Chemist: 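My questions will all concern the structure given below.
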Amino acid sequence: IAVSDPLFAANEGVWRVAADGAERVTADGADRTAGEADLVTTINGLSGAYLGGTSWHELAVAGVVTARNEAAVRAADLLFASRPLPRCGSFF
């Protein structure tokens with residue numbers, strides 16, 4: 001996943017995310033790589049998927065994610081799936 005972040009340069013780069021973990025184990029389960037990304041998004045798109053309320057497919061349809069292959073969207077949906085879905089129990 002290629003991520004751009006205008007506020008924090010340390011977040012930018014291409015990250016390898018896999019169900020079996022990273023090649024180098026990190027606290028967040030991701031590994032920075034020099035490889036080509038299958039998915040390209042901003043930190044906002046990644047955050048939406050990471051929180052679990054938005055699928056990668058929905059982000060791709062909305063134009064927030066550019067997919068270099070459709071299999072990557074399906075794989076990311078499985079990797080980032082969260083059940084139960086996020087919910088805020090506070091009343092505003």
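Computed from a prediction, not measured in an experiment: that's the story for all the values here.
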Chemist: Between L51 and P86, what is the shortest heavy-atom contact and its length?
Modeler: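 That would be O-CG, 3.4 Å.
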Chemist: Could you pull out the closest heavy-atom pair between D5 and L7, with the gap in Å?
Modeler: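 For D5 and L7, the tightest heavy-atom pair comes out as OD1-N, 2.9 Å.
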Chemist: If I compare all heavy atoms of A60 with all of V73, which pair ends up nearest, and what's the gap?
Modeler: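 Looking at all heavy atoms of both residues, the shortest contact is CB-CG2, 4.5 Å.
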Chemist: Name each donor-acceptor pair under 3.5 Å that joins a side chain in residues 74-85 to protein atoms two or more places apart or in another chain, with its distance.
Modeler:
| residue | atom | partner | partner atom | Å |
| --- | --- | --- | --- | --- |
| D77 | OD1 | W56 | N | 2.6 |
| D77 | OD1 | H57 | N | 3.4 |
| D77 | OD2 | H57 | N | 3.4 |

Chemist: I need the single residue from T41, V65, L39 that forms a side-chain contact (heavy atoms from CB on, under 4.5 Å) with L59. Which is it?
Modeler: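 Single pass found, and it is V65.
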Chemist: Does one hydrophobic cluster hold both V64 and I43, with members joined at side-chain heavy-atom distances below 4.5 Å?
Modeler: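 In one cluster: yes.
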Chemist: Roughly how far, to the nearest 0.5 Å, is the CD1 atom of I1 from the OG1 atom of T33?
Modeler: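 Answer for the OG1-CD1 pair, T33 versus I1, is 12.0 Å.
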Chemist: Output every pair passing salt bridge (Lys or Arg N to Asp or Glu O under 4.0 Å) with a member in residues 50-69, not counting sequence neighbours, ordered by first then second residue.
Modeler: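 Checked against salt bridge (Lys or Arg N to Asp or Glu O under 4.0 Å) - neighbours excluded - the pairs reaching residues 50-69 are E36-R68.
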Chemist: Has R32 got a side-chain atom pairing as donor or acceptor with E12's backbone, closer than 3.5 angstrom?
Modeler: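 At least one qualifying donor-acceptor pair exists.
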